[in-house]
Amino acid sequence: QRIRKELEAVSPSRGAAADVPEFQFVDDLERIPDDSTVTLFRGDYLYDIRVMTNLIRASDTLLQVDTGGVTRAVAARVEAGQAGLVKACIQGTGREFPDGLAVETPNSLVPPSQIRLKKAQKPFVLQITDTNVRNLEQFLFNTAYKGVTDLVTKWVWPAPSREVTRLCVHLGLRPNHVTAFSWVLAVWAGILFYQGEFAGGLVIGWLMTFLDTVDGKLARVTVTSSPFGNYFDHVLDLIHPPFWYLAWGLGLEAFHPALLPGDMSLTMTLIFVGYTAGRLVEGAFSQWIGSFGIYSWQPIDSFNRLITARRNPCLLIMTAGLMGGRPDLALEIVAIWTLVSSLFLIIRLTMGFHAQKTEGPLQSWLIDIDTAGYDRTLAVRWFSQ
């Protein structure tokens, strides 16, 4: 079922992968036209979608994996006339594969350029058994997690979000249900901030950020992502943080000592300008320099992503400020940190343009983990899987 859902998600009929040939699912090899090409998969293995799609693009190819020290053929792309024999061999009832098949492994089938750059996930094909189902569940959840992200999402949310994701699956909740509730919580938190109810707003705000993690993981582990769902989630992520800060600032009118009107105007200007500049820099880097994104360019950028002035690090500042009895000071620190973070991004963007001009096309450091001496470094331990 998962193989089918994964492939349906990249079917050309959905406009998701124009470079993947048109295909249809069949259960009876006898009904396949002789001039067709067939891709066979063992159903008791968990496949990386990149492995599956690259195999569909290939021809006369046999996919082998190491299973407990034994090399086993688990999938193939062959002509229809050879499909019956190849199927028998993959199932273990056939004696010998046809001649002329190229033998590939997951690593050889997926080029380095297809590494999932935000998490440096190597291609995989893993056997499913009664004893490793829970481990594979954990593995699937981990692959849905970005390695390059903020410190809260990276180290605080994974354990609880896995259990909540599991609960959502059992309850039949879909990712868009979770995202819709996140929209409600985002508005609710903003209202509480505006009313000066900072503690209540932070509770709701942190819950919203947690569910923002859950909806994405739910979409990936259940293979139920959609263009609308992706847009629905990303629009929320993009627009709500600066309005939270504005609401927080307006709520300070009920707090003493409150920021002076002039200070408030300057603070909010710094926040909105800095936030907008940072987002524009991220987009400019992805558009004109590296499709992998600015935070995956070099290790320093991945470390910067942990603490840069995005929502979660700023919420930490606001929480600490409230606990210290100075929510006004917290907002000023958010403004300063937003400005500093954006200036750093502008510097890195400028360096990226210069490097591209003098050295040629850039690539992410995550691609070079195995070849560039990054092994055993803190960056690899923190940002790769």
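Start at 1 with the first residue, then count along the sequence.
- Looking at V86 and I90, their side chains come closer than 4.5 Å, going by heavy atoms from C-beta outward.
- Between G278 and S342, the closest heavy-atom pair is N-OG, 3.5 Å.
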Next item on the list: Please lay out, stage by stage, how I271 and L246 fare under the test side chain to side chain contact (heavy atoms under 4.5 Å, CB included).
Entry: CA-CA 9 Å; I271 288 177; L246 175 61; over 6 Å; no
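- Both L151 and M318 sit in one connected hydrophobic cluster of ILVMFWY residues. Membership requires side-chain heavy atoms under 4.5 Å apart, directly or through other members.
- At a threshold of 4.5 Å between side-chain heavy atoms, the hydrophobic network of Ile, Leu, Val, Met, Phe, Trp and Tyr places I32 and L55 in two separate groups.
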Next item on the list: Begin from the C-alpha positions of W365 and V380 and carry the test side chain to side chain contact (heavy atoms under 4.5 Å, CB included) through to its verdict.
Entry: CA-CA 10 Å; W365 73 276; V380 169; 4.0 Å; yes
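- Minimum interatomic distance between L345 and V281 (heavy atoms only, all atoms of both residues): O-CG1, 3.5 Å.
- Scanning for salt bridge (charged side-chain N to carboxylate O under 4.0 Å, His left out) contacts around D301 gives R348, with sequence neighbours left out.
- The hydrophobic cluster containing F344 does not contain I333, counting ILVMFWY residues as joined when their side-chain heavy atoms lie under 4.5 angstrom apart, directly or transitively.
- With D150 contributing its side chain and T153 its backbone, the two residues share a donor-acceptor pair below 3.5 Å.
- Both I307 and V156 are part of a single hydrophobic cluster, where members link through side-chain heavy atoms under 4.5 Å apart.
- Surrounding CZ of F210 are more than 12 heavy atoms belonging to other residues, nucleotides or ligands, all under 6.0 Å away.
- By the 6.0 Å contact criterion, CH2 on W188 is open, its count of non-hydrogen atoms from other residues, nucleotides or ligands being 12 or less.
- Residues passing the salt bridge (charged side-chain N to carboxylate O under 4.0 Å, His left out) test with R311 are D212, D237, sequence neighbours excluded.
- Screening residues 270-294 for salt bridge (charged side-chain N to carboxylate O under 4.0 Å, His left out) gives R279-E282, E282-R310 as the qualifying pairs, with residues at least two apart or on separate chains.
- Judged purely by atom type and a 3.5 angstrom limit, T179 uses its side chain to pair as donor or acceptor with the backbone of P175.
- Side chains of L40 and L29 form a contact here, defined as non-hydrogen atoms less than 4.5 Å apart.
- Both I346 and V340 sit in one connected hydrophobic cluster of ILVMFWY residues. Membership requires side-chain heavy atoms under 4.5 Å apart, directly or through other members.
- By the 4.5 Å heavy-atom criterion applied to side chains, W157 and N312 are counted as neighbours.
- Smallest separation of non-hydrogen atoms from A80 and V38: CA-CG2, 3.9 Å.
- Closest heavy-atom contact between S302 and S296: OG-CA, 4.2 Å.
- Across all their heavy atoms, W244 and G190 have their closest contact at NE1-N, 3.8 Å.
- In this structure, F353 has its ring center no closer than 6.0 Å to that of F285.
- At least one side-chain heavy atom of W155 sits less than 4.5 Å from a side-chain heavy atom of W382.
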Next item on the list: Kindly determine whether V26 and R31 satisfy side chain to side chain contact (heavy atoms under 4.5 Å, CB included), including the steps that lead there.
Entry: CA-CA 8 Å; V26 295; R31 300 177 60 184; over 6 Å; no
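- A 4.5 Å side-chain heavy-atom check between T67 and Y45 finds at least one atom pair inside the cut-off.
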Side chains of residues 162-169: which donor-acceptor pairs under 3.5 Å do they make with residues two or more places apart or in other chains?
residue: R162; atom: NE; partner: Q138; partner atom: OE1; Å: 3.4
residue: R162; atom: NH1; partner: Q138; partner atom: OE1; Å: 2.4
residue: T165; atom: OG1; partner: S161; partner atom: O; Å: 2.6
residue: R166; atom: NH1; partner: E137; partner atom: OE1; Å: 2.8
residue: R166; atom: NH2; partner: E137; partner atom: OE1; Å: 2.6

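- Distance check, rounded to the nearest 0.5 Å: CZ of R220 to CG of D215 gives 9.0 Å.
- For K87, the NZ atom is loosely surrounded, since the number of other residues' heavy atoms within 6.0 Å does not exceed 12.
- In this structure D99 satisfies the salt bridge (charged side-chain N to carboxylate O under 4.0 Å, His left out) test with no other residue, sequence neighbours excluded.
- To the nearest 0.5 Å, the span separating CE on M264 from CG on D328 amounts to 9.0 Å.
- L270 pairs with exactly one of T267, L266, V273 by the side-chain contact (heavy atoms from CB on, under 4.5 Å) rule, that one being L266.
- Applying the side-chain hydrogen bond (donor to acceptor under 3.5 Å, both in side chains) definition to pairs two or more places apart or across chains, those involving residues 192-208 are W206-T319.
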Next item on the list: Test V334 against T338 for side chain to side chain contact (heavy atoms under 4.5 Å, CB included), laying out the working first.
Entry: CA-CA 6 Å; V334 166; T338 300; 4.0 Å; yes
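- Note: R305 CZ to K154 NZ = 11.0 Å, rounded to the nearest 0.5 Å.
- The shortest distance between side-chain heavy atoms of V223 and I49 does not fall below 4.5 Å.
- Taking the centre of each ring, Y245 and F272 stay at or above the 6.0 Å mark.
- Here CD of E359 is found 8.0 Å from NE2 of H354. Values are rounded to the nearest 0.5 Å.
- Looking at heavy atoms from C-beta onward, L202 lies in side-chain contact with W248 at the 4.5 angstrom threshold.
- Within a 6.0 Å sphere centred on CG of D34, heavy atoms belonging to other residues, nucleotides or ligands number 12 at most.
- Contact of the S182 side chain with the L236 side chain is registered, since non-hydrogen atoms from C-beta on lie closer than 4.5 Å.
- Residue T61 holds its OG1 atom at 7.5 Å from CG of L101, rounded to the nearest 0.5 Å.
- Around the OH atom of Y231, the shell of radius 6.0 Å holds no more than 12 heavy atoms that belong to other residues, nucleotides or ligands.
- Checking side-chain atoms of T93 against main-chain N and O of A88 turns up a donor-acceptor pair under 3.5 Å.
- R50 places no side-chain N or O within 3.5 Å of a backbone atom of F124 that could act as its donor or acceptor partner.
- The environment of CZ in F23 is crowded: more than 12 heavy-atom neighbours from other residues, nucleotides or ligands sit within 6.0 Å.
- Across all their heavy atoms, G69 and D66 have their closest contact at N-OD1, 2.9 Å.
- A distance of 12.5 Å separates NZ of K5 from CG of L7, quoted to the nearest 0.5 Å.
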